[in-house]
Undergrad: 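Below: one structure in structure tokens.
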Amino acid sequence: MSLGVTILGATGTIGVNTLNVIQQHRSRYRIIALTANTSVDKLYEQCLEWSPRYAVMMDADAAEQLRQRLLPINPDIEVLSGVEGLKQVASADATDIVMAAIVGGAGLLPTLAAAEAGKQVLLANKESLVMSGQVFMDAVKRHNTRLLPIDSEHNAIFQCLHGQDKVAARKILLTASGGPFREHAAEDLHDVTPEQACAHPNWVMGRKISVDSATMMNKGLEVIEACWLFETTPDHIEVLIHPQSVIHSLVEYIDGSVLAQLGNPDMRTPIAYGLAWPERIDAGVQSLDLKTIAQLSFSQPDIARFPCLRLAYEAMLAGGTTTTILNAANEIAVAAFLQTRLKFTDIAKVIETTLANLSGRAASSLEIILEDDAKARDLAQEAILRLYSSSSPLLRTA
Ligand code: NAD
Ligand code: MG
């Protein structure tokens with residue numbers, strides 16, 4: 001019997017890579033649902049190819065357009081919309097596996113619905129853990145949910161921990177490429193453009209995570225993600241700059257052994273691992289050619305040039321909804337940067353200001369998390385307006 005797969009965020013980079021792996025194993029999986037935000041054309045094409053039982057567009061108008069286009073061609077596909085539609089397909093009976101690949105906080109409710117329905121959850125949407133780690137992991141435990149990390153670093157750590165006694169692990173070494181501005185001097189970071197920030201040296205990714213990689217907030221979010229996934233604390237996680245992105249992360253044990261997972265920087269490897277776990281399937285990824293790569297190098301991150309990494313560590317140590325606030329402010333700041341309403345170096349300032357203006361509290365319920373998320377988004381918007389109110393030359397209109 002084939003396994004039913006729902007892909008939340010099917011039209012994104014992770015969604016498309018997931019379909020690519022499934023394409024290579026069509027007898028093993030069947031697509032139950034594909035979802036997208038607003039890209040009707042892309043989801044329409046995917047529906048024609050995969051004939052899912054459901055297609056969900058977050059946007060209601062987009063859903064109506066998709067419905068009208070599919071009706072004469074494939075009337076069996078049920079088109080749903082909004083967060084209720086996303087939650088419905090994430091927990092549908094026919095779904096065995098949910099790939100959680102929506103970007104940002106919008107992924108939280110559908111991913112949580114999948115966890116609460118006890119599905120096998122392949123977690124790419126790191127923001128859901130950053131926003132609501134305790135609530136999310138409680139749901140995973142309560143419903144005996146199989147949670148498999150898709151973020152390449154966390155997938156690597158998961159593989160290095162496999163079958164080992166976690167107590168025997170001394171620390172996690174989380175590798176980071178350093179992003180496109182790894183070699184930039186601090187003064188050269190002021191005027192970098194969204195196009196430069198999105199041109200990642202090793203990975204092809206969506207625009208939000210590309211900017212996060214450029215500020216190194218991505219690594220900060222990943223430290224928080226690792227704390228929740230592997231039940232550890234920030235002082236047991238060391239970030240290591242490794243520009244080749246060949247070692248995806250490492251675990252050091254108390255006997256001095258260090259285990260690493262290596263591979264070409266291709267997200268199809270962790271995706272295939274998550275889909276087939278505990279087996280392995282061909283991901284269509286090329287063999288790693290270490291002779292050609294020849295050298296692997298490592299260095300310490302520069303917190304002064306990349307303050308977002310420090311902010312994330314501090315937020316995790318503060319605990320509660322502080323990481324919810326960090327995530328929300330970051331999403332607002334990154335969106336403003338991508339719209340050229342905010343300078344690259346002001347992303348960290350907006351986050352720091354928001355954290356200073358709103359104290360975190362115990363993240364004891366989803367309601368509290370959503371409330372602080374909304375407040376932080378408003379405060380971050382205000383911070384952006386205030387930042388430029390008296391000095392319009394900072395505004396770029398390119
Ligand atoms: P992307 O921007 O390429 O795709 C995002 C997907 O989410 C799209 O299908 C889009 O339609 C959907 N979406 C966006 N906003 C939405 C909303 N408000 N409601 C519902 N759906 C919405 O992003 P990506 O690069 O595929 O990343 C997806 C997630 O995976 C992110 O959380 C990212 O951090 C994580 N991740 C990505 C990579 C990577 O290599 N791309 C690696 C590790 C982790
Ligand atoms: Mg990663």
Undergrad: Any chance CG of D255 has more than 12 other-residue heavy atoms, nucleotides or ligands included, within less than 6.0 Å?
TA: yes
Undergrad: For H162, look at atom NE2 and say whether over 12 heavy atoms of other residues, nucleotides or ligands are found less than 6.0 Å away.
TA: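 Counting other residues, nucleotides and ligands, NE2 of H162 stays at 12 neighbours or fewer.
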Undergrad: Is E127 salt-bridged to K208, cutoff N-O under 4.0 Å?
TA: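 The answer is yes: the pair qualifies as a salt bridge.
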Undergrad: Compute the ring centroids of F344 and F181, then answer whether they are less than 6.0 Å apart.
TA: yes
Undergrad: Quick test of your reading of the model: are E371 and R361 salt-bridged, counting only N-O distances below 4.0 Å?
TA: yes
Undergrad: Could you state the interatomic distance from OG1 (T345) to CG (D188), rounded to the nearest 0.5 Å?
TA: 11.0 Å
Undergrad: Please check if the number of heavy atoms outside D93 that lie under 6.0 Å from its CG is greater than 12.
TA: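 No, CG of D93 has 12 or fewer neighbouring heavy atoms, counting only those of other groups under 6.0 Å.
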Undergrad: Just checking Q300: does its CD atom have more than 12 heavy atoms from other residues, nucleotides or ligands closer to it than 6.0 angstrom?
TA: no
Undergrad: Can you confirm whether the side chains of N327 and T324 place a donor and an acceptor under 3.5 Å from each other?
TA: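 T324 and N327 do not have a side-chain donor-acceptor pair below 3.5 Å.
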Undergrad: Do the charged groups of K119 and D96 touch, with an N to O distance under 4.0 Å?
TA: no
Undergrad: Within a reach of under 6.0 Å around CZ of R53, are more than 12 heavy atoms found that belong to other residues, nucleotides or ligands?
TA: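 Counting other residues, nucleotides and ligands, CZ of R53 stays at 12 neighbours or fewer.
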Undergrad: Should we count CD of E195 as having more than 12 external heavy atoms under 6.0 Å?
TA: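 Result for CD/E195: enclosed.
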Undergrad: Strictly below 4.0 Å, N to O, side chains only: are K219 and E225 in salt-bridge contact?
TA: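 Judged by the 4.0 Å cut-off on N to carboxylate O distance, K219 and E225 do not form a salt bridge.
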Undergrad: Would R268 and D282 pass as an ion pair if we require N to O under 4.0 Å?
TA: no
Undergrad: Establish, for the pair R26 and W50, whether the NZ or CZ atom is under 6.0 angstrom from the six-membered ring centre and no further than 45 degrees off its axis.
TA: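 Positive - R26 is close enough to the ring of W50 and near enough to its axis.
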